Protein chains: 2
Amino acid sequence: MSVYTPAETARRSGFSLDTLRYYEKIGLLADIERTSGGQRVFTDDDLGWLGVLRCLRDTGMPIAQMATYAELCRAGADSEPERLALLRQHAVRVEEQMQLLGRQYAHLEEKIRYYAERTGARSG
Amino acid sequence: MSVYTPAETARRSGFSLDTLRYYEKIGLLADIERTSGGQRVFTDDDLGWLGVLRCLRDTGMPIAQMATYAELCRAGADSEPERLALLRQHAVRVEEQMQLLGRQYAHLEEKIRYYAERTGARSG
DNA sequence: TTAGGAACTGGAGTGCACTCCAGGTCAAGG
DNA sequence: CCTTGACCTGGAGTGCACTCCAGTTCCTAA
């Protein structure tokens, strides 16, 4: 298997059909093949690229920046240093995000322990 | 010091003045004192509660659920088991979120290493 | 060949969480 | 007093990322 229907692609990528169309419209997805009748045909390469988009999206990159990255990827090998810079910048933000999340999770745990003791004490 | 102006509260909590007003309007913030002239006066308790809200928001809890939690807190000690359940549920989602973030961060790092090697190889 | 589900398009609508605005009021320094 | 910057209200507007819709076309299995 190496080509997929829109529905199958949605299932595999985790993006809805509407989102796939939207991503194509705004340039995150380019050169998607079509049948003679005009229906989209996705390849393994497309799925790979969707995996990249999912990674960026899951780590909180704004769509606009993903579009920038997509364009750099289309621009050829000369843009690789720029792509690297963009990803490195993003990675820094993700690290900060992970640290914040970890800190706040610790607070949450603390609160849970507090309530668990109180309710445990009363009910037991 | 134990009371704060709206501006000082915004600074300390990290929420904008508009957000503080919005939170009060939708019930996340209740019983904020006022001067005779109608201006808000925040206390250390309020700041503490804002810290809780910040924790929940930073960990991705939707506003609607924060409002539920706020109401439970106002409902008295009987609601503690419910509060505990709500926080535990949320903590599970946060754990999942942290795991996803960690996995995707690993992919991102991989991509960065790939580009770093390529651009390093060409430029060095 | 025909039925019916999948997919197409352009564009409007949604949900969330704020954010901004107009037109006033309040309060502290000079 | 008077100015002036902080604050007030209700309500409209914004930005993001989809999501839904109407009306039409495609394509596969019976």
Side-chain angles (χ1 to χ4, degrees), chain A residues 1 3-43 46-47 50 52-70 90 93 97 100-101 104, chain B residues 1 3-43 46-47 49-50 52-70 90 93 97 100 104:
Chain A
M1 247 216 249
V3 301
Y4 311 91
T5 64
E8 178 70 3
T9 307
R11 202 186 59 68
R12 287 188 182 236
S13 68
F15 292 115
S16 77
L17 205 40
D18 268 322
T19 298
L20 292 176
R21 293 198 270 250
Y22 167 66
Y23 279 6
E24 192 181 6
K25 180 152 51 179
I26 65 174
L28 286 188
L29 237 43
D31 304 321
I32 300 300
E33 282 179 54
R34 301 295 184 112
T35 65
S36 57
Q39 311 209 186
R40 289 176 184 77
V41 177
F42 293 86
T43 66
D46 295 330
L47 270 178
L50 284 169
V52 174
L53 292 183
R54 174 146 293 288
C55 170
L56 297 179
R57 202 205 74 157
D58 283 351
T59 50
M61 185 184 282
I63 291 269
Q65 205 168 354
M66 287 200 262
T68 300
Y69 182 70
H90 180 58
R93 283 192 300 271
Q97 193 191 337
L100 176 61
L101 200 54
Q104 298 292 36
Chain B
M1 250 219 247
V3 302
Y4 311 91
T5 64
E8 178 70 5
T9 307
R11 201 186 61 68
R12 288 187 182 238
S13 68
F15 293 114
S16 76
L17 204 41
D18 268 321
T19 298
L20 292 176
R21 292 198 270 250
Y22 167 66
Y23 280 6
E24 192 180 7
K25 180 152 50 180
I26 64 174
L28 286 188
L29 235 45
D31 304 322
I32 301 299
E33 282 179 54
R34 301 296 184 112
T35 64
S36 57
Q39 310 206 191
R40 289 176 184 78
V41 177
F42 292 87
T43 66
D46 296 329
L47 269 178
W49 173 244
L50 284 169
V52 174
L53 293 183
R54 174 146 292 289
C55 170
L56 298 178
R57 202 205 74 157
D58 282 350
T59 50
M61 185 184 281
I63 291 268
Q65 205 167 357
M66 287 200 262
T68 300
Y69 182 70
H90 180 58
R93 283 191 300 269
Q97 192 191 338
L100 175 61
Q104 298 293 36

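Quick note on labels: first sequence line is chain A, next is B, and so on, each numbered from 1. From a predicted model like this one, the values you see are computed outputs, not experimental measurements.
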Students should find that the nucleotides of DNA chain D closing off the region near chain B, any atom under 4.0 angstrom from a heavy atom, are D:dC7 to D:dG11
Side-chain N,O (A:Arg40) to OP1/OP2 (C:dA7) below 4.0 Å:
no
Closest-nucleotide 5' rank along DNA chain D - winner of B:Thr5 and A:Asp18:
B:Thr5
Toward the 5' end of DNA chain D, by each residue's nearest nucleotide, B:Leu17 or A:Gly38
B:Leu17
Winner on side-chain proximity to A:Arg34, out of C:dA27, C:dA6, C:dT9, is C:dT9
Considering only heavy atoms from C-beta outward, does the side chain of B:Arg57 approach that of B:Tyr23 to under 4.5 Å?
yes
Is the phosphate of C:dC26 approached by B:Thr35 (side-chain N or O, under 4.0 Å from OP1 or OP2)?
no
Around atom CD of A:Gln65, are there more than 12 heavy atoms from other residues, nucleotides or ligands closer than 6.0 Å?
yes
Please check this pair: side chain of B:Arg54 against backbone of B:Ser13, looking for a donor-acceptor N/O pair closer than 3.5 Å.
yes
By the 4.0 Å heavy-atom rule, please label A:Phe15 as base, sugar-phosphate, or nothing.
nothing
May I ask you to say whether A:Arg21 pairs ionically with A:Glu24, meaning some side-chain N is under 4.0 Å from a carboxylate O?
no
Atom-to-atom span, CZ of A:Arg21 to C1' of C:dG10 - whole angstrom
12 Å
Side chain of B:Trp49, backbone of B:Leu28: donor and acceptor closer than 3.5 Å?
yes
For A:Cys55, does its backbone N or O pair with a side-chain atom of A:Thr59 as donor and acceptor, under 3.5 Å?
yes
